[in-house]
Amino acid sequence: MQDLRTAASALTILSEEETMFREAVREFAETEVKPHVHAMDEAAQFRPDLIPRFFELGLMGIEVPEQYGGAGGGIFLSVLAIEEIARVDASAAIYVDVHNTLVTNALLRWGTPEQHQQYFPRLTSGLLGAFALSEPGSGSDAFALATRAERKGTGWELTGTKFWITNGAEAGAFIVFANAEPAKGYKGITAFIVERNFPGFAVGKKENKLGIRASSTTELILEQCAVPGENVLGPVGQGYKIAIETLNEGRIGIGAQMIGVARGALEAATAYVKERRQFGKAIAEFQGVQFQLAQMATDLEAARLMVYNAARLKDAGQPFAQQAAMAKLFSSQVADRITSSCLELFGGYGYSKEYPAEKYYRDAKIGTIYEGTSNMQLQTIAKGLLK
Ligand SMILES: Cc1cc2nc3c(=O)[nH]c(=O)nc-3n(C[C@H](O)[C@H](O)[C@H](O)COP(=O)(O)OP(=O)(O)OC[C@H]3O[C@@H](n4cnc5c(N)ncnc54)[C@H](O)[C@@H]3O)c2cc1C
């Protein structure tokens, strides 16, 4: 009789290469990041020696072709890296996330062969990237951005202020969005590759944040910042498309960060309830506690499957924008719930900075805000349904 089982693999079954990669990242996160997590969070300062380690370990060009020093992988490998690092520290994970899923991805897709030649060898060996779209007056309404680009000879001058820029304190290359033809509305938005040492470029105030405190989030000030003509990324006036399409991919990375944070919290809670004793027994023996853990694990499994599937769709060249928006929305909601339950299972100790629960709780919140708030994800999902 014919065997009707399909050969299709479960989403969580990893190839040998994926398994080895994940193990290597986990080992790095456990041994080199974890010992510093508490101090970095307290100081709101990322250790400068960890960023070169990301590069040395091959985590900063995961999707960049090998000829430029990258790993030649897909976004699924980025997801594995981001998830493993976020399990230990969401701040460390966002350095790797923004660099891979926003910066190198945008360049990969929209950069010219000359831009690839010029930037990839640097972006895979030490030059950290950042993605600068948001401004004080434009967040969800990103295309209302006020930064202007004016042609000057063969180049451009950029003037405006960017806000909330992740990696801002340490990055050397920024993808900056500015409007080159305001009369055309969003169809004037253009993307530029801006280096930190370009004249007229300055990094401003660093935010003091609730969560992902060790990740730098800064203002950028552009005062007639001189950008060479060859540093326009993609066609003039297509910046809105570059922003939307890059963020579609980026959201899968934020989903990965959220499932990593949630897994860290679930593992911490599971260990704690076995140790903490009340009423003469470990609190893990109470069915009420067991059911809380079971709910957390079920939520996490669903979120992980959504994130993995969005990544696998992207790597298979299939449409994935809806699934990415759903994965980001759901995984950030799940991370919010799981980290809250984790904190409650730690009881009073959950409220103390001596224990890890409160940090997971603070770190989870950002998932509902950046790369499009939850309402913006719902809008994308609804648009897809109703079109
Ligand atoms: C830590 C951190 C790091 C960040 N990193 C980056 C970065 O690297 N690069 C970058 O460019 N930006 C970055 N951002 C900015 C981030 O993407 C924006 O904060 C986000 O898009 C929301 O914009 P906003 O803060 O202006 O909120 P607003 O747009 O003012 O939204 C406020 C509230 O109104 C709701 N809302 C707005 N419009 C609608 C609508 N039409 N329908 C329903 N509800 C609506 C929102 O959902 C939200 O709840 C970062 C932000 C933070 C906090």
Side-chain angles (χ1 to χ4, degrees), residues 98-99 102-107 109-112 114-115 118-119 123 127-207 216-250 369-373 376 379:
V98 166
H99 187 88
L102 298 183
V103 179
T104 63
N105 254 351
L107 261 159
R109 177 98 190 271
W110 301 92
T112 60
E114 293 73 31
Q115 287 169 341
Q118 192 189 346
Y119 282 102
L123 284 167
L127 182 72
L128 184 69
F131 186 86
L133 177 65
S134 304
E135 299 186 358
S138 65
S140 300
D141 189 10
F143 299 153
L145 59 83
T147 298
R148 295 290 176 251
E150 263 190 73
R151 277 184 206 271
K152 285 280 149 148
T154 58
W156 295 81
E157 267 183 12
L158 270 50
T159 299
T161 303
K162 294 290 173 184
F163 221 44
W164 305 116
I165 306 310
T166 299
N167 296 358
E170 304 91 351
F174 300 77
I175 295 180
V176 175
F177 293 85
N179 201 318
E181 285 177 276
K184 289 194 177 168
Y186 72 90
K187 290 191 172 165
I189 295 174
T190 305
F192 297 86
I193 307 165
V194 178
E195 295 197 36
R196 198 183 185 93
N197 60 4
F198 283 180
F201 180 89
V203 174
K205 180 169 78 82
K206 182 176 147 190
E207 288 302 319
S216 69
T217 311
T218 71
E219 189 183 22
L220 306 180
I221 301 148
L222 300 131
E223 281 178 7
Q224 297 180 308
C225 173
V227 180
E230 61 268 24
N231 277 32
V232 174
L233 179 64
V236 172
Q238 292 284 299
Y240 72 97
K241 203 162 179 244
I242 297 174
I244 291 178
E245 294 187 3
T246 305
L247 288 167
N248 281 342
E249 297 178 26
I369 299 170
Y370 58 16
E371 299 201 24
T373 64
M376 291 300 107
Q379 199 181 74

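As the structure is a computational prediction, the values presented were derived from the model and not from experiment.
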Nearest heavy-atom neighbours spanning [X] and [Y]:
X: Asn179; Y: Pro182; result: OD1-N, 3.1 Å
X: Cys225; Y: Gly200; result: CB-O, 3.7 Å
X: Thr190; Y: Pro235; result: CG2-O, 4.5 Å
X: Arg196; Y: Glu170; result: NH1-C, 3.9 Å
X: Thr159; Y: Gln224; result: OG1-N, 3.0 Å
X: Ala130; Y: Ala171; result: CB-CB, 3.8 Å

Would you compute the distance between atom [atom1] of [X] and atom [atom2] of [Y] and round it to the nearest 0.5 angstrom?
X: Ile175; Y: Ile242; atom1: CD1; atom2: CD1; answer: 8.5 Å
X: Leu128; Y: His99; atom1: CG; atom2: NE2; answer: 6.5 Å
X: Met376; Y: Ile369; atom1: CE; atom2: CD1; answer: 13.0 Å
X: Thr147; Y: Leu222; atom1: OG1; atom2: CG; answer: 6.0 Å

Margin query: For Lys206, I'd like to know if atom NZ has over 12 heavy atoms of other residues, nucleotides or ligands within 6.0 Å.
Written below: yes

Does some side-chain heavy atom of [Y] sit less than 4.5 Å from a side-chain heavy atom of [X]?
X: Glu245; Y: Trp110; result: yes
X: Ser138; Y: Phe163; result: no
X: Tyr119; Y: Asn231; result: yes
X: Thr154; Y: Glu230; result: no
X: Val194; Y: Leu220; result: no

Next item on the list: Show the numbers, then the answer: is there a side-chain contact (heavy atoms from CB on, under 4.5 Å) between Leu158 and Phe201?
Entry: CA-CA 9 Å; Leu158 270 50; Phe201 180 89; over 6 Å; no

Next item on the list: Measure from the side-chain N and O atoms of Glu249 to the backbone N and O of Asn105, and report whether any donor-acceptor pair falls under 3.5 Å.
Entry: no

Notebook entry, point to check: Would you say Lys187's side chain and Gln238's backbone share a donor-acceptor pair under 3.5 angstrom?
Noted result: no

Check: Going through the distances and angles, do Trp156 and Val236 end up as a side-chain contact (heavy atoms from CB on, under 4.5 Å)?
Finding: CA-CA 11 Å; Trp156 295 81; Val236 172; 3.9 Å; yes

Next item on the list: Go through the steps to decide whether Leu233 and Phe192 satisfy the test side-chain contact (heavy atoms from CB on, under 4.5 Å), and finish with yes or no.
Entry: CA-CA 5 Å; Leu233 179 64; Phe192 297 86; over 6 Å; no

Next item on the list: Could you verify whether a donor N or O on one side chain and an acceptor N or O on the other, from Glu219 and Thr161, lie under 3.5 Å apart?
Entry: no

Notebook entry, point to check: Could you walk me through whether Gln118 and Ile193 pass the side-chain contact (heavy atoms from CB on, under 4.5 Å) check?
Noted result: CA-CA 11 Å; Gln118 192 189 346; Ile193 307 165; over 6 Å; no

Note to self: With ring-ring contact (aromatic ring centres under 6.0 Å, His included) as the test, pick out the partner of Phe177 among Tyr186, Phe143, Phe131, Tyr240.
What the structure shows: Phe131

